[in-house]
Each structure stands twice: as structure tokens, then as C-alpha cells.
There are 2 protein chains.
Amino acid sequence: MDVDLRLLRSFAAVAAEGNLTRAAERLYLSQPALTKQIRQLEHLLGTALFTRSKTGMALTGPGEALAAAAPAVLGAWDAARRAVRAADRDASNVLRVGYLASAANERTRPIIAAFRERRPGWRVELRQASWGDPVGGLDSGDVDAAFMRLPFPRQDEFELAVLFTEPRCIAMAADHPLAGHAELRFEDLLDEPFIAAPKATGAFRDHWIEAEGRGGRPVRIGAVTELPDDWLSAIAAGDGIALAPESAARFYARPDIAYRPVTGVAPSTVALVWPRGAAGGGALADFVAAATAFAD
Amino acid sequence: MDVDLRLLRSFAAVAAEGNLTRAAERLYLSQPALTKQIRQLEHLLGTALFTRSKTGMALTGPGEALAAAAPAVLGAWDAARRAVRAADRDASNVLRVGYLASAANERTRPIIAAFRERRPGWRVELRQASWGDPVGGLDSGDVDAAFMRLPFPRQDEFELAVLFTEPRCIAMAADHPLAGHAELRFEDLLDEPFIAAPKATGAFRDHWIEAEGRGGRPVRIGAVTELPDDWLSAIAAGDGIALAPESAARFYARPDIAYRPVTGVAPSTVALVWPRGAAGGGALADFVAAATAFAD
DNA sequence: CACATCCATAACCGAAGGTTATACATACTG
DNA sequence: CAGTATGTATAACCTTCGGTTATGGATGTG
């Protein structure tokens with residue numbers, strides 16, 4: 001009488017999308033597989049969760065009930081994973097820190113060094129998160145803390161310490177016509193296709209396609225990527241241009257990509273983020289202290 | 001990164017038993033299968049949950065953390081199932097009522113009839129529960145309410161209405177020497193082997209082997225059964241005798257089984273039980289009202 | 001009326017998850 | 001100290017499950 005939580009996750013996706021096909025896409029799953037999963041869940045619970053129609057999947061009464069209750073189950077599991085992760089951290093003297101792209105840039109190493117000074121015998125394990133996971137593995141207990149760029153979804157559910165800001169620039173293929181200019185104005189780029197993060201990343205995605213700063217002009221999306229390497233490849237392939245932190249020019253220098261300064265966009269903010277209440281005097285607190293020591 | 005809750009359930013069993021072999025037994029699983037499950041869970045979480053030794057399995061730090069967090073996850077799932085069940089009940093006009101053995105005896109039909117009078121168009125589905133499930137499917141959302149005999153484990157986590165009591169008698173094989181007596185004294189039966197319910201049923205099991213009423217004399221267990229039919233078969237086979245409600249003589253009359261009155265044991269109490277707070281004015285409340293109308 | 005959309009079904013395939021039998025290490029016991 | 005009991009790990013095997021692609025059928029839509 002137990003479920004695989006994956007079924008619950010799938011159910012939640014279908015309930016949210018109201019559509020099998022799109023939900024399947026979001027879950028990186030084929031549509032027939034999702035059909036099977038939902039059917040399996042319905043069989044397990046002994047009741048229909050959706051009414052099928054040609055316009056999509058609509059929740060039934062029991063379906064509504066499950067949709068309301070499912071987040072609590074998934075949340076409890078996430079909490080369990082965080083607890084296990086925390087215990088493992090303390091038992092093995094390893095702090096796991098997530099990051100997207102270049103973490104805290106040049107400050108990363110000094111921060112880690114300062115932490116090791118406070119906690120001799122501890123190690124720091126850096127772990128790259130996918131943009132597909134909006135909060136970088138923080139709520140799943142994959143990592144104890146993460147270097148994140150603000151804003152990101154559900155940001156206020158976490159504690160964070162802002163470390164620094166840096167200007168943003170434009171990344172484009174080296175042979176892109178715009179690469180001829182030494183400096184760009186963002187208002188000249190409104191019609192260019194942009195490489196974007198997945199939709200699920202909400203405010204993060206919006207920030208990096210500057211959704212707010214284009215005076216209502218819609219964004220053209222050239223490609224959607226989840227990892228720095230894919231992102232670089234898409235840019236180099238000419239699928240579009242992208243906003244990037246200035247430091248990308250140093251950490252992701254490639255012969256087929258050009259980075260140019262741009263005016264008219266706000267800088268990017270890097271912060272250290274951790275789950276609410278997790279830094280109570282332990283090793284994580286020391287890492288936070290080490291990081292903030294290098295904050296601007 | 002999602003688990004099958006079965007793994008969590010298995011983990012909890014191993015954590016509680018401190019022993020793979022016994023936990024496997026309790027889960028009706030082979031020991032190698034459990035080994036695999038635990039290993040799989042450890043792999044999923046990326047940390048060791050137990051330290052293996054020849055004396056059993058001891059929890060590690062992360063293991064302790066998971067053991068502390070697992071009940072919340074399983075509880076959330078149970079709550080979800082109950083919510084779905086409640087919605088399904090209201091959507092389909094079917095009230096599902098669990099029972100062990102003979103439910104409310106001869107009062108069962110009148111209760112249902114009275115309920116249908118209050119709720120025309122509704123049906124009542126009776127569903128037998130296994131003694132292996134101490135609370136008769138109540139917390140898993142299998143049923144909306146259940147006819148239970150008191151006491152049963154975690155009884156005070158539920159709401160209940162006592163319906164009636166009835167004397168208990170002794171059931172034994174028809175050719176058992178004691179069957180010659182028209183009436184028995186319990187103090188003469190202390191050395192007889194008894195057919196018992198599974199250990200997991202705690203107070204319920206104790207009540208039916210009269211663990212408290214034998215002056216410290218240990219019980220001999222002749223067999224452990226989970227269902228009335230198995231119970232009857234064990235008795236008929238001569239594996240032991242058993243305490244039974246008087247009504248069993250009517251509802252479970254068999255040529256190979258004799259029921260005899262016994263003195264020196266308290267009567268059995270039948271109650272209607274339902275999850276706390278579930279009877280808020282709905283159909284379940286009407287069923288409770290119908291049942292209590294036939295209470296003593 | 002053609003077309004796009006969306007869910008269901010079929011056929012297929014590899015991996016997962018269970019079983020029994022057995023090995024191996026340690027602790028207890030006569 | 002040998003022998004036995006207890007406890008977990010491994011091996012070999014088999015069935016079921018969960019995923020894939022390809023295709024069908026029903027229903028709104030331009």
C-alpha cells in the first residue's frame with residue numbers, strides 16, 4: 001500500500017499542467033509512461049484522480065484531495081533527506097556546497113581555506129547543480145549550502161548572505177556580428193534570440209533574459225539549457241546570445257565565444273544560501289562566517 | 001531522488017528490530033531481499049544507515065536521523081490516502097467500513113439499514129481487515145470506519161463509540177478433551193497452548209490470550225494467525241485453544257470446533273472506530289449516529 | 001473538411017526486485 | 001576447544017515492471 005514518491009511527483013506535475021503530454025515533457029518522460037504511472041496511482045488508490053478529455057486532464061474530487069496532500073508528503077521526504085544529509089555531514093566532516101557555474105568566482109578558494117582554518121579536519125565538497133533544479137539541491141538535502149545568484153525561486157524560504165555583486169555582460173558566438181562592437185547597449189539587443197534557463201526557474205530565468213527591462217517587448221528564446229556546458233555550446237552554435245556575469249569571461253573563456261560589456265542592465269548578485277535554521281552553531285555556521293568574511 | 005515508501009517502511013522495520021532476519025520475517029520478505037532494499041536506500045541517500053555486525057544492524061548517525069524523520073513521511077502519506085478516501089467516499093456515496101471477524105454481530109444489518117435511511121442513495125461496503133494490521137486499515141485510509149474489539153493498539157489516536165459487550169468463551173477442537181465439560185474455568189486452562197494474533201497487535205493480542213489474567217504464568221502459543229479462517233483451522237487442527245467472543249459460536253459454527261462458556265475472563269467490547277476529526281457532519285457522522293442508536 | 005492536439009494501446013526490451021541456496025564470520029555453549 | 005547457532009552477504013535464476021517507439025482514435029479548431 002505504499003507508493004513510489006516518483007508517482008506522486010508525476011501526479012503533481014500532471015495536476016499542475018492539466019495535460020499529460022506537457023507534463024511528460026517537464027518530467028523528461030514519454031507520454032505513455034506517464035499514462036501508465038497515473039493509471040497505476042489510480043489503481044493503487046482505488047479511485048479515479050482525473051477525468052480524461054481531449055482537452056486535457058482535469059482533477060476529480062479525490063484528485064483534488066491528493067493534490068492538496070501530496071506536497072506535505074514530498075516535503076516530509078525532503079525534510080528527511082535534509083536531516084540525513086546533516087547527520088552525514090557531521091559524521092564524516094564533509095560539508096557539501098552546491099553552485100551554479102562559477103560559484104563565488106575567485107573568492108571560492110579563500111572562503112574554503114578560511115573555513116578549513118576554523119574547522120581543521122573538515123573537507124568541502126563542491127557540487128554543481130543543474131539549472132533544472134531551481135534551488136540547487138538545497139531542499140532535497142543534496143547539499144548543505146549553495147552559492148546562488150539572486151533572484152531564484154522561493155528565495156525567501158531560505159536564509160542567505162549576500163557576498164558580492166558583479167556587472168553583467170553579453171556572451172555571444174565569436175563570429176557574431178555584434179562581437180565587432182567593444183561595448184553594447186542592451187536596448188539594441190531586444191530583438192536578439194536569448195539562451196534561457198528552464199521555465200521552472202521562474203524569477204531566475206526572467207532575470208537572465210531581463211524580462212522586466214525590455215519595455216514590454218517579448219523575448220525571443222533561442223534555446224533552453226540547464227548546464228553551463230550546454231549553455232556555452234548553444235551560444236557558440238549561434239542559437240542566441242545571453243546575459244552572463246562578467247566573471248564568465250574568465251571562468252568560461254572559449255575561442256568560439258566572445259564576451260562584451262553591456263550597458264543598461266543591473267549587476268548580478270551572488271549569495272550563500274542555506275536551509276532555514278540549519279546553521280545553528282555547527283560546521284555550516286562556520287562556513288557562513290568564512291564566506292561573509294569575504295563579502296563586500 | 002525519490003524513494004519507494006516501501007523502502008522507508010522496510011528501513012523502519014530493520015531499525016526497530018535491529019536485525020535483518022527478524023525484520024524480513026515481519027515484512028513477509030526474504031532476508032536477501034531486505035539486504036538489497038537497505039543497500040538501495042543507503043545508495044540513494046549516499047550514506048551508510050547501519051553498521052553491520054554479527055549481532056545485528058545498528059543505526060549510524062544518519063540512520064538515526066532517518067529513523068526520526070521516516071514516521072513523518074509515512075504519516076503524511078497515510079494522511080493523503082485518508083483524504084483521498086474521504087473525497088472518494090463523498091463522490092461515490094459509498095461508505096467503507098472495516099471489521100474483524102463478525103463486525104457488530106446481529107446488529108450489523110440494522111445499523112446499515114438505519115444508516116441508509118438517513119442517507120438514501122448511499123451504500124455501505126464492508127471490508128474484512130487482517131489482524132496483521134493492528135488498526136484495521138483505519139490509518140491507511142482503506143476504510144472510513146471500522147468495527148473493532150477493544151483494546152487495540154494506539155486506540156486513543158482514534159475516536160470511538162462503544163456499542164456493546166458480550167461474554168467470551170473458549171473455542172477448541174471438537175474432539176478436544178476439554179470439550180467434554182459443559183463449562184470451563186479459565187484457571188484450569190493456563191497450561192493449554194493458545195492460538196494468538198501477531199505480536200504487532202500488542203494489547204489486542206494480549207487481551208485474547210489473557211496475558212494479564214494468568215498470575216504471571218507464561219502463555220504457551222500454539223500458533224499465530226491473522227484471519228478468522230486460519231484461526232479456525234488452527235483450532236480445529238488442535239494447535240491450541242482460543243478465547244473467542246460468544247457470538248463466534250453463531251457466526252463461526254463448524255462441526256470440527258466446539259465453543260464452551262468459560263468463567264474468570266472479562267467480556268469483550270465492540271466499538272465503532274474512526275479517525276479523529278473525520279466525522280464532521282458528513283455521511284460518516286450519520287453512520288456513527290446509526291451505530292450508536294443500537295448501542296447498549 | 002483538413003489538421004492539430006491529446007490520450008490510449010501495442011509491441012518490445014532491459015533492468016529491477018524478488019526467490020532459494022549457499023558462503024562466511026562471529027558469538028555462544030557444552 | 002569444537003560445534004552449533006545466529007546473522008549478513010553473495011550467487012544464480014526468474015518474473016514483473018517500467019520505460020521506449022510507433023500507432024490509433026476521438027475531439028475541438030482554422
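In what follows, every heavy atom counts, from backbone to side chain, and hydrogens, waters and symmetry copies are set aside. Here is how names work: the chains are called A, B, and so on, in the same order as the sequence lines, proteins then strands, and each is numbered from 1. As the structure is a prediction and not an experimental result, all values here were calculated from the model.
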> B:Glu17 has an atom CD; how far is it from atom P of D:dG7, in whole Å?
Replying inline: 11 Å
>> Just the rounded figure in Å: distance from P of D:dG18 to NE2 of A:His43.
In response: 12 Å
> In terms of side-chain heavy atoms of B:Thr21, which of D:dA9, C:dT19, D:dG7 is nearest?
Replying inline: D:dG7
> Given the rule in the salt bridge (charged side-chain N to carboxylate O under 4.0 Å, His left out) test, do A:Arg26 and A:Glu17 qualify, once you have shown the distances and angles that lead to the verdict?
Replying inline: CA-CA 9 Å; A:Arg26 197 166 104 185; A:Glu17 293 280 355; 3.0 Å; yes
>> Measuring from the side chain of A:Met57 (C-beta onward, heavy atoms only), which nucleotide among C:dC7, D:dT10, D:dT8 has the closest atom?
In response: C:dC7
> Do we get A:Arg214 above A:Phe194's six-membered ring, with its NZ or CZ under 6.0 Å from the centre and within 45° of the axis?
Replying inline: yes
>> Counting only side-chain nitrogens and oxygens, does B:Gln31 get under 4.0 Å of the OP1 or OP2 atom of C:dT19?
In response: no
> Under 3.5 Å, is there a donor-acceptor pair between the B:Thr225 and B:Asp230 side chains?
Replying inline: no
> Please give, in whole Å, the distance from C:dA8 P to A:Lys36 NZ?
Replying inline: 13 Å
>> Can you identify which nucleotide, out of D:dG19, C:dA27, C:dT19, has its nearest atom closest to the A:Arg6 side chain?
In response: D:dG19
> In whole angstrom, what separates A:Ile38's CD1 from D:dG18's C1'?
Replying inline: 14 Å
>> From C-beta outward on A:Leu20, which listed nucleotide comes closest to its side chain: C:dG18, C:dA8, C:dC6?
In response: C:dA8
>> Whether the B:Gln31 and B:Thr35 side chains hold a donor-acceptor pair (N or O, under 3.5 Å, no angle test) is what I'd like checked.
In response: yes
>> Using whole Å, what does the distance between atom C1' of nucleotide C:dG17 and atom CG of B:Leu29 come to?
In response: 9 Å
> Counting just side-chain N and O atoms, does A:Asn19 come under 4.0 Å of either OP1 or OP2 of C:dC6?
Replying inline: yes
> What are the two closest heavy atoms between B:Leu41 and B:Leu7, and how far apart are they?
Replying inline: CD2-O, 4.1 Å
>> Would you say A:Ser30 places a side-chain N or O within less than 4.0 Å of OP1 or OP2 belonging to D:dT20?
In response: yes
> Hey, does B:Gln40 reach any base, or is it just sugar-phosphate, or nothing, if we go heavy atoms under 4.0 Å?
Replying inline: sugar-phosphate
>> Go nucleotide by nucleotide along DNA chain C from the 5' end; which of A:Pro32 and A:Lys54 gets its closest nucleotide reached first?
In response: A:Lys54
> Nearest-Å distance, CG (A:Leu34) to P (D:dT21)?
Replying inline: 14 Å
> Reckon A:Thr35 has a side-chain N or O less than 4.0 Å from the OP1 or OP2 of C:dA8?
Replying inline: yes
>> When you measure from the side-chain N and O atoms of B:Arg52 to the phosphate of D:dG7, is any distance below 4.0 Å, counting only OP1 and OP2?
In response: no
> Roughly how many Å is it from CG in B:Leu49 to P in D:dT8, rounded to a whole number?
Replying inline: 15 Å
> At under 4.0 Å, does any side-chain N or O of A:Arg22 touch on OP1 or OP2 of C:dC6?
Replying inline: yes
> Once you round it to whole Å, what is the distance between C1' of D:dG18 and CG of A:Leu27?
Replying inline: 15 Å
